[in-house]
Amino acid sequence: MNRLALTLYSTAVSITLLLTPTLRAESGAEAWLRYARLGANASRTYQNFPASVVVVEDTALLHSAQEELLRGISGMLTKSLRIEPNLPPDAAIVLGTLTAVQKLIPGLHPPADLREDAFWVSNIRVHGVRHLVITAQNGRGVLYGVFFLLNKIAQYQSILDLNELQQPYARVRWIDQWDNLDGSIERGYAGRSIFFENGAVRADLARAADYARLLASVGINGCAINNVNADPRLLREDFLPQLARVAQIFRPWGVQLSISVDLSSPKTVGGLDTFDPADPHVAEWWRNRVDQIYAAIPDFGGFVIKADSEDRLGPSFYGRTQADAANVLARPLQSHGGVVFYRAFVYNHHLDWRDQKNDRAKAAYDYFHPLDGKFENNVIIQIKHGPIDFQAREPVSPLFGGLKHSNQAIELQITQEYTGQQRHVCFLIPLWKEVLDFDLHANDQRSPVMDAVAGITFHRTTGGFVGVANVGLDANWLAHPLAMANLYGFARLAWNPNLSARSIANEWAALTFGSDPQAVQIISSLLLTSWHTYESYTGPLGAQAFTDILGSHYGPGIESSEENGWGQWHRADHNGIGMDRTVASGTSFVGQYWPQAAQKYESLATTPDELLLFFHHVFYTYVLHSGKTVIQHIYDSHYEGAQAAADYVRQWQTLRSRIDDQRYAAVLARLEYQAGHAVVWRDAICNWFLRTSGIPDVQGRVGHHPGRFEAEDMRLTGYTPVDVIPWENASAGKAIECSSSQPCTGTFTPNLAAGRYEIDTQYFDLNPGEAKFRLYIHNESGDKLVDEWTANDHLPSTKIGGDTSTRHRAFAVSLAPQDEIRIEGIPDRGDHAALDYVEIFPIGESSPFQR
Ligand code: GCV
């Protein structure tokens, strides 16, 4: 390198170093509020940033707003803002509600009326000095405005000519947590509760405070903290001071506390001999309890109710309606400004599966549509986005179009119960966008779901969005570092459902991982394809997830949904698959939609492929709009989905050193796991449909696994073969397990040409033990240990099967033709070091884990 080149090179390196913020290790605890120091270049963009802040009111919310501003600016721009009591002669940031700011700056007027929680952030010239004013109708809006400003700076966006007025789309932007008093969380995948432990509110609520701040930063204004399968103890008088502690933590962030309650509480907690909503003593009991709550928590939000559903008691016990139940709670809340979120998730899970006319999908509409108009004004009917239960694909619930005279809110599931449980990446914003954009055609007019829930379509005073989040004590809140994109995205859509999935993904990626354009682009595109990928290897064409309905809702369990009363039927048999929900010949569910949507779904010709099996029963040979038969689509989509999951690993690997090592490694580990589990899914579904339909894959892949060596065919010492149930959840339906206390071995000779290979061992990782595995190569030179690992993941089962099947990969192992491979399994407690198969791929050939 000549001198000039060397000088140019070192200058370039030092500029890069100056511009590149340090990649410190990060746990993810700060989520999108990292306030990481900006590079020198970006700091220059903000060099004229005001040096002081003027806060015109003294309230808890304004205090939070001021502190947040100081924290964010100090973190990103390394500046300490001065706090001024009045407008200083140089530029300042002014924080306050509109009426208070107008006293300081008379004549100040936003370009439009500010609704509740809206904010206006604008550069205003006063006596020739440009100040940055953040104002709102209420304190919460000011806080939101501060977060908005910090968010812009974190994304390196200019604030020079800022004049931004933002109104929330809907009043209700709530989070539900399904936390239990013992500290566990129903469908929580990220550790124990941040609110409860041992039957009480936790002594240390620091994480709850962090959570409230996180929620406020994206405009969430309410949180119900306990499971909708509610523990009545929450309503005991002695529990109230504990709830008041949580409310106090939430208050500075504008998050209203709410709780889920059990309808039978007047009896179980109150000592009455009835909980009949029509009984005056019951009404009086609720009134007293509500008054007591408001005396302790004046800004209490209200109650969430799950009744007559999944063994929860409800009004039907006394022959009363859901409206009777909702109203008995709503009336006392009314005078305090509280609301009732009454869940429309009311259904009978003992349906007779033999009756082809039965249909769980019809339940919500059947119960609630006839009651439309009978609910008090402060009741909000909380409707899951689809008529079944948070499946990876289902149509929009027709109930959104069926409540003209009642408030409604959409319930979306952030916690990934049916979508990979935060072990698989599945960015749900594109799914939710499809739902929110869906035109109900109510009154034969354009009426997207987002307008129905926001109260626009039917001119309601309130309504909105509820997300079931289930964050836990895991440092990064939701276990999978990429899962937080769903919490962020939910809140962004609740604020503005017209945002695109791409803009949300870009925003989140930049805020969470830094603004390196290549990193943002890769993370964002991975997120944006991930729902489709997940759907394609777990159950496409609207058949719903082929998961274990009776157990974990995680791994494959194709027949688990059939021949029982839960009503998540796909009705696959030797000839065909799908539920006939048409009016003409099926369950008549289609008739619950407004005519335009109903016509579309009634006809096979106009039903979109992705929902075909939700609405129609067809032969496997039925030809889709895509030109493929149903059966070939099932095979192809599962192979494509598993391949896409494998590609995520490769895409992520391009981010090494573009993001911090800690989160890089954490995501990589999950993506590698997902790629392996996608193969488990692919094989289970494809093999099951091959056997059931008898129709082969035209591409010849299904049932053929080149490079695979079944464990039960190895020479076994100590290991014994076992049948796996259901059979499709293990290769060839069998595994081997080591039931002795001594190590067991499985040995085979792959007879491959000399070369370097990748060896993938498919094994079962059972709780609670931590079995160990060792991989040896044996030849005339003796034994060589090439790899060893411990089965210490926490997968949701103690049984050999689709939930626990996972794989370990050994890279670049040199093999010669006569080499023997030996796997040694060392069992531990209930973990029998079970093995399914080994797959060997020459390096460079396509494999799920190719580097
Ligand atoms: C809180 C599904 C889940 C349940 C959940 C229920 C509900 O059925 O599997 O865990 O219970 O929905 O939303 O009430």
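We count ligands from 1, going down the list as the structure has it; atoms in each ligand are counted the same way.
At least one donor-acceptor pair closer than 3.5 Å links the side chain of His616 to the backbone N or O of Tyr601. Formation of a donor-acceptor pair under 3.5 Å by the Glu197 side chain with backbone atoms of Arg202 is not found in this model. Side-chain atoms of Asn476 come within 3.5 Å of backbone N or O of Ala479 as a donor-acceptor pair. In this structure a side-chain-to-backbone donor-acceptor pair under 3.5 Å is missing from Ser588 to Gly591. Formation of a donor-acceptor pair under 3.5 Å by the Arg173 side chain with backbone atoms of Gly219 is found in this model.
In summary, the atoms of ligand 1 found under 4.0 Å from a heavy atom of Val228, numbered by their order in the structure, are 1 (C), 14 (O). Listed by number with element, the atoms of ligand 1 under 4.0 Å from a non-hydrogen atom of His553 are 9 (O). Every atom of ligand 1 is numbered from 1 in the order shown, and the set under 4.0 Å from a heavy atom of Arg343 is 7 (C), 13 (O), 14 (O). For ligand 1, the atoms closer than 4.0 angstrom to any heavy atom of Glu186 are 1 (C), 4 (C), 5 (C), 10 (O), 11 (O). Atoms of ligand 1 lying under 4.0 Å from any heavy atom of Arg187, numbered from 1 in the order shown and given with element: 3 (C), 4 (C), 9 (O), 10 (O). Interface of Asn227 with ligand 1, defined as ligand atoms under 4.0 Å from a residue heavy atom, comprises 1 (C).
Dense packing is recorded around CG of Leu550, with more than 12 heavy atoms of other residues, nucleotides or ligands lying under 6.0 Å away.
Checked by distance only, ligand 1 and Asp389 come closer than 3.5 Å through their nitrogen or oxygen atoms.
Regarding atom 12 (O) of ligand 1, its nearest protein heavy-atom neighbour is Lys384 NZ, 3.0 Å. From the protein, the heavy atom lying nearest to atom 6 (C) of ligand 1 is Glu310 OE1, 3.3 Å. Shortest contact from atom 14 (O) of ligand 1 to any protein heavy atom: Lys306 NZ, 2.6 Å.
The residue among Gln382, Gln568, Glu417 with a heavy atom at the shortest distance from atom 3 (C) of ligand 1 is Glu417.
Under the 6.0 Å distance and 45° angle rule, Arg423 counts as a cation-pi partner of Tyr554.
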